[in-house]
Amino acid sequence: MTNRQVADILNRIADILLIKDENPFKIKAYRNAAQAIYYLDEDVRLLYEKGKLEEIPGVGKAVREKIEEMLLTGQLAYYENLLQEVPTGVLDMLAIPGIGHKTVKLIYEKTGIASIDDLLKAAEEGRLRSIPGIGEKTEDNIKKGIAMLKQNSGKVNLGIALPLAEKFRDFLLADEKILNASIVGSLRRGKPLVRDIDILVAAYDYKAVHKRAEKFEEVKKIARKNRENVQGKLIYDIDFEIIIVPPEDYYHSLIWTTGSKAHRQVLLAGVDRKSLRGLNREEEVYAQLGIQYIPPELRENRGEIEKARLNLLPPLVEFGDIKGDLHVHSDWSDGGHDIEEMVSKARKKGYNYLAITDHSKSLPISGGLSEERLKAQGKVIDELNQKLNGFKVLKGIEVDILKDGSLDYGDEILENLDIVVASIHSHFKLDKEEQTRRIINAIKSNKVNIIGHLTGRLLNRRNGYELDIDSILKAAAAHKVALEINSHPERLDIDEETAMKAKEYGVKIAVSSDAHHREDLDLIRYGVINARRGWLTPDDIINTWPLDKLISFLNRD
DNA sequence: GCCGTTTTCGGCCCGACTGTTTTCAGTCG
């Protein structure tokens, strides 16, 4: 069992206890333990073997015993028993935005409805409003919430799909009969949500590929296999396909299977693929076609082929270009690590600077900082900077943009910080005009450097609020305010289209992790992928710049 | 269920908004 699977079961237990109206702190304890396991940088099995499970913060005797049982037997009696009490369909209902565990429990107990589909039917037939405590609006919100869920159902985000695909690819590559392997399809192009995982392999012996694939621990089911491919399901119900080609066909097939369909149709129109056999790199295939190499993230037929024919593709930002992270939380608010631990991880990543941007006072649940605590944090950072050689910690804040567009601190507080990220965490339902005006007000304050997660979207969970993007970009350009690409795989906000547009308006971008945990600094890779899909170069991205250039930008020099 | 330099029991635990009802429960970030 992987760390992720153990964490998933602990979370599922928490869900069931929620429906059963158990002690909230007990539920929190399971969630804490799940999170701790999820974030472990070591295999939980190794810790078990060393007898160190209880050293994980949040894991005590009870959870330790449950983890041991899961590792030894692959299942957990306590969990199986709980599942007898609460059907999984009821747990699925917890994912519906707008209703919580109390409402789910109420509906289940009063009507016996135990699946999202039955719930939708009941809502459409107006049967829910007769339940005491549920009215027309809640019924309406349930319908909307389910529609939202269904909109992307079957797709998973990059944060789930990419690590799983990489693990699968590496597992395949470890077989000597598999001569080459690459992730392909929309996942290779870096789309934020993907329907399946496709892997292209080069091999003469297709049966060896079948055999190897069947052995991968996270394969749940093989649906079909033949000379050309293996198809089936992975954990989380993600479909996969392994496409098998002989080595001489590997590189042109890489282009074919990476897509997009529109890209390859234009690129390979009138080309006999046989003429592309026997090449040794993907770059050689493009060279043979007489055009510049096109990185996978650009292959969407959005003008990249025309540009490549003229050798005019921009030098896209790369992971190694990132010199620092400008949106990071610490344990001063809702982060999991202290400032020094975050700095240490940032240095390991080869960064030169890191901005600590905890939450402001309007977010008490997230431990938002009072003016006094913010000042105290500033002192700690000053002292830390004295000790650091060749590394700078920037004093920052993720300040809340309040309902009217004013900021959560006065000017005198914000002026004393190195960097101000401003974000919306409340009043998501304002209409387009009000929400746009609100953000533009924040931009016009001249106290803000970066607007965090502009649209508030949560992939698969919540649509972003509607905004007049052009007006916002105009204001941001005029006031030297950058927009964030929030790298969290559930956000990737702003999206690639807005990033492209920002560039047209001359608005700079910060690719930030929004890390709440040391390991979250690694999420930046998803933001970089997103930036590449938006055609961005290092010049467009302020945290690829050296510190002095960044500081002049922050000071609006 | 976890935790502990105010320690082995009692604390953990915010506050605004929404929706359903008339004074509060549920949801969310």
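The basis for the numbers below is simple: all heavy atoms, side chains too, and nothing from hydrogens, waters or symmetry mates. Chain identifiers are assigned alphabetically (A, B, ...) following the order of the sequence lines, protein sequences preceding nucleic acid strands; residue numbering begins at 1 within each chain.
The shortest distance between the side-chain N/O atoms of H427(A) and the OP1/OP2 oxygens of dA16(B) is not below 4.0 Å.
To the nearest angstrom, C1' of dC17(B) lies 12 Å from CG of L430(A). Straight-line distance from the CG atom of L53(A) to the P atom of dG1(B): 16 Å, rounded to whole Å. Atom CG in D140(A) sits roughly 16 Å away from atom P in dT18(B) (whole-Å rounding).
On the P atoms, dT20(B) is 16 Å away from dA25(B), given to the nearest whole Å. Separating the P atom of dT8(B) from that of dG19(B) is a span of 47 Å, rounded to the nearest Å. Annotation: dG15(B) and dT22(B) have their C1' atoms spaced 22 Å apart (nearest Å). A gap of 31 Å separates the P atoms of dA16(B) and dG10(B), to the nearest Å. Taking atom C1' on both dT23(B) and dG29(B), the two are 25 Å apart, rounded to the nearest angstrom. Rounded to the nearest Å, the gap between the C1' atom of dG11(B) and that of dC17(B) is 28 Å. The separation of dT6(B) from dG1(B), taken at their C1' atoms, amounts to 23 Å, rounded to a whole angstrom. Atom name C1', nucleotides dC3(B) and dC13(B): the rounded distance is 15 Å, in whole Å.
For residues 19-40 of chain A, proximity to DNA chain B is found at N23(A), F25(A), K26(A), A29(A), Y30(A), defined as any non-hydrogen atom under 4.0 angstrom from a strand atom.
With no hydrogens or angles considered, no side-chain donor-acceptor pair links D331(A) and H337(A) at under 3.5 Å. For the residue pair N11(A) and R31(A), a side-chain donor N or O sits within less than 3.5 Å of a side-chain acceptor on the partner. With no hydrogens or angles considered, no side-chain donor-acceptor pair links Y351(A) and N543(A) at under 3.5 Å. For the residue pair D520(A) / S513(A), no side-chain donor-acceptor distance below 3.5 Å is found, with atom types taken as modelled.
Among the protein residues, K66(A) comes within range of the sugar-phosphate backbone only, with heavy atoms under 4.0 Å from sugar or phosphate atoms but none that close to a base.
Shown here, dT8(B) forms no base pair; nothing in the strands shown gives a Watson-Crick or G-U wobble contact with both key distances under 3.5 Å.
Comment: K143(A) does not engage E124(A) in a salt bridge, judged by the lack of any side-chain N to carboxylate O separation of less than 4.0 angstrom.
Ring to ring, H425(A) and H427(A) are not that close: their centroids are 6.0 angstrom or more apart.
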Annotated protein contacts, base or backbone, on nucleotides 19-29 of chain B with a non-hydrogen cut-off under 4.0 Å, one of B, S, - each: SSS----SSSB

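For the pair K323(A) and Y353(A), the cation does not sit on the ring face, since its NZ or CZ is not both under 6.0 Å from the ring centre and inside 45° of the axis.
Within the 4.5 Å cutoff, the side chain of R12(A) has no heavy atoms near those of the D8(A) side chain.
If you run side-chain contact (heavy atoms from CB on, under 4.5 Å) between K349(A) and each of I322(A), L354(A), D522(A), only D522(A) comes through.
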